[in-house]
Structure formats: C-alpha cells, structure tokens
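Atoms considered below: every heavy atom in the structure, side chains included; atoms not considered: hydrogens, waters and symmetry mates. Since the model is a prediction, treat every value here as computed from it, not as a measurement. Per chain, numbering begins at 1; letters A, B, ... match sequence-line order.
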Protein chains: 2
Amino acid sequence: MRMTCQRRVILEELRGVCTHPTADQVYEMVRRRLPRVSLATVYRNLETLSDCGIIQKLEMSGTQRRYDGNPATHYHTRCLVCGRVADISVEPCRLLEVPCIDSNGFHIRGHRLEFIGVCRDCREAEGSTDRTEAGPPCIS
Amino acid sequence: MRMTCQRRVILEELRGVCTHPTADQVYEMVRRRLPRVSLATVYRNLETLSDCGIIQKLEMSGTQRRYDGNPATHYHTRCLVCGRVADISVEPCRLLEVPCIDSNGFHIRGHRLEFIGVCRDCREAEGSTDRTEAGPPCIS
DNA sequence: CTCAGTGCAAACGATTTGCAGGGCC
DNA sequence: GGCCCTGCAAATCGTTTGCACTGAG
C-alpha cells in the first residue's frame, strides 16, 4: 500500500478527531488541506485503510457509515436525535466472541453491539422546550 | 390505520417466513398474490407496520434493510458469506437496557446487538479445507 | 363521502465504478 | 518505469417522494 499524500492526510485528520465522522465529513476536513481531493478518493482510502485494519468502519442502524481512527475493539453510543456517535466505556464482551455453533447451524465469529441513547445537548434542547420542565414532582 | 388488501397480504407473507426478507423479497412474495402491487407500497407498508410495532425493521451492518414478522425483542445472526439472517436464542440483555447516563453524557435507552457468523450451507460450500473442529462454549 | 392508501415514475442520497492521466516506490 | 492511485463524471442501488387516482370505513 502506497502512502500517498491523500491517504496520509485522511488518516491524520481522522486520528485528530473523536467524532467518528462520515465520509463526507472526512472529505470536508481533508479538503481544507487538499482542495483538489475528490470524494471518491476519500471513500476509496477509507475503504483501503479499514481493510488493512488501520482504521475502523462503523456500520450500524441503517444510517450513514462512520469511521473511527481507533482500530481497537470498543463499543459506541449513538444519539437517536442528532446521530452523534461517541465511544462508551463498556468492556468488549469476549464471551460473545468465542467461536461456537448456534442452534441454527451458524458458526459464530463475532458480534456487533451499539448503544442507543440521547446525548447531553439533545436532552437539554428537548428538555427546555417541553413537558419535563413544567411537571410537578411525581408521586406515582 | 386502514387494513387494506396490500397491507394484509404483506403482513401475512412476512409472518409466513422465518428468513427476515428484504423489501424487494417481500415485494416478490406479495407480487405472486397481487401482481399489480408496487414496490413503493411495500416500502410504505413495511414502514407503517414497523412504526406501529406490528413487525420489526432490522437495520444491520451496512447492508440492505430486512424485516421480521416477529415484533418481540430477540437477536439475530448474519452470515458474512451469503448475508442470510436467522434468529439466535440468546436472552436479551436487559441489564444493558436499564436507562443510565454514560461517561460522555449520553442517556442510554437501549442497544442493538447482532452476531456475525457463517451459516451451515456456506461452511459446507467453502468448507473442506478449513476448521471443522467443534467450538467450545456454545451461546445458544 | 372522505381521506388514507395506492401505482407509477421520477427524485434522492450514499456509495461505487470506468476511465484517462499522474506520481509513488 | 510500472502500476497503484487519483480526479472527474456518470452509474448504481436501495429507498423515498410527488402526484393524480382509488377504495376502505
């Protein structure tokens, strides 16, 4: 794998953030340093880099793909309001990764786990506009 | 919600299989009974039915969406060779669903977990060359 | 009768690909 | 100097949407 200028900048930019950007966000970041770069190049390099295990491709819950400069196994939380993705400090469940045969004949080789939640910003935005603020103490 | 003919057939067909079909597979199934149905109608109804909690939308790792006629919470295994999806008999981890605030300020409301493996057919197809050993602890 | 639901076609958005040059090793 | 990599544009693919019409309640 050749370390071209584009590839290096993409990797540097991705490692420089903790936001798990989408391909077009990476494109915008890279474009500030390499104005003539193309989106296709960004896609191709993100693909190549994740194939090599240098970065991580995050594919879950039917949304736009995201990329993570940290190749180590760890889990993420996704905000169901704004889509933001953050790392979460849950230990990887190695138990679930022990190869085994399940009842349907599948040879299990791994798992994907992500958490769904609401980030602080979105909670504050929601909270200031509706129901939660005005309610009297709940006596249930 | 009106129970139109299209909606009823889509639901019946989806409940009649355990293959977790994609929208176009549902379309083909429905088309055998309603030849003039449109793919857009299938998409719209699958959306409506899952919004109502009657069926489940499965949005898994970067592939085509799939649908499940069983609305109860359960996990799935996906074959990394052929993409087939099957139920897996792992108890939902209720522990992970207890609302809590993580270290990044996310209010966790749920999680998504899927298992990745190779189905029996694909193992046999690629198979005689490699690992046939029985795996240790089995999850299911 | 009314309006949610339909079929059709066209739009859409994310990602991929064909191609003719350009530059890393 | 070979050939991997690039930029550009167009293609692809799953999914969604605008519109006029239809049929369930």
### Query
Sequence neighbours excluded, which residues qualify as side chain to side chain donor-acceptor pair (under 3.5 Å) partners of A/D51?
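Testing A/D51 for side chain to side chain donor-acceptor pair (under 3.5 Å), a comparison that skips the adjacent residues, returns none.
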
Heteroatom pairs (N/O) under 3.5 angstrom, protein to nucleotides 23-25 of chain C:
from: C/dG23; atom 1: N2; to: A/R2; atom 2: NH1; distance (Å): 2.6
from: C/dG23; atom 1: N2; to: A/R2; atom 2: NH2; distance (Å): 3.4
from: C/dC24; atom 1: O2; to: A/R2; atom 2: NH1; distance (Å): 3.3
from: C/dC24; atom 1: O2; to: A/R2; atom 2: NH2; distance (Å): 3.4
from: C/dC25; atom 1: OP1; to: A/M3; atom 2: N; distance (Å): 3.0

### Query
Is the side chain of A/T41 donor-acceptor paired with the backbone N or O of A/V37 at a distance under 3.5 Å, no angle test?
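No, because the side chain of A/T41 does not come within donor-acceptor range (under 3.5 Å) of the backbone of A/V37.
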
#### Entry: Reported CD-to-CG distance for the pair A/Q56 and A/L46, which is rounded to 0.5 angstrom
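If I round to the nearest 0.5 Å, the distance is 13.0 Å.
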
### Message
Taking the basic N atoms (NZ, or NE/NH1/NH2) and the acidic carboxylate oxygens, is any pair closer than 4.0 Å for B/R84 and B/D121?
### Response
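B/D121 and B/R84: salt-bridged.
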
### Query
Contacts to DNA chain C from residues 19-56 of chain B, heavy-atom cutoff under 4.0 Å, which residues?
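When residues 19-56 of chain B is checked for heavy atoms under 4.0 Å from DNA chain C, the hits, listed by number, are B/R36, B/V37, B/S38, B/A40, B/T41, B/R44, B/N45.
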
Nearest-Å distance, [atom1] ([X]) to [atom2] ([N])?
X: A/Q64; N: D/dT16; atom1: CD; atom2: P; value: 15 Å
X: A/K57; N: C/dA14; atom1: NZ; atom2: P; value: 17 Å
X: B/R8; N: D/dG25; atom1: CZ; atom2: C1'; value: 15 Å
X: B/L58; N: D/dT15; atom1: CG; atom2: P; value: 12 Å

### Message
Going by the rule ring pair (Phe, Tyr, Trp, His ring centres under 6.0 Å), which residues pair with A/H20 if we only count those two or more places apart in sequence or in a different chain?
### Response
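Only A/H76 meet the ring pair (Phe, Tyr, Trp, His ring centres under 6.0 Å) criterion with A/H20.
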
Side-chain donor-acceptor pairs under 3.5 Å in residues 9-18 of chain A, sequence neighbours left out?
from: A/E12; atom 1: OE1; to: A/R33; atom 2: NH1; distance (Å): 3.2
from: A/E12; atom 1: OE1; to: A/R33; atom 2: NH2; distance (Å): 2.7
from: A/E13; atom 1: OE2; to: A/R33; atom 2: NH1; distance (Å): 2.9

### Query
Which angle, to the nearest 10 degrees, lies between the helix axes at the two ends of the helix from C/dC1-D/dG25 to C/dC25-D/dG1, each defined by five pairs?
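Roughly 40° between the end axes, to the nearest 10°.
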
### Message
Would you say that more than 12 heavy atoms from the other residues, nucleotides or ligands in this model lie under 6.0 Å from the CZ of B/R120, or not?
### Response
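No, CZ of B/R120 has 12 or fewer neighbouring heavy atoms, counting only those of other groups under 6.0 Å.
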
### Task
Look at the aromatic rings of B/Y75 and B/F115 and report parallel, tilted or perpendicular, splitting at 30° and 60°.
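Perpendicular, since the angle between the ring planes exceeds 60°.
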
Between [Y] and [X], is there a side-chain heavy-atom distance shorter than 4.5 Å?
X: B/T77; Y: A/D102; value: yes
X: A/P71; Y: A/I55; value: no
X: A/Y67; Y: A/K57; value: yes

### Query
Does the side chain of A/R65 get closer than 4.0 angstrom to OP1 or OP2 of C/dT16 through an N or O atom?
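Yes, within the criterion.
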
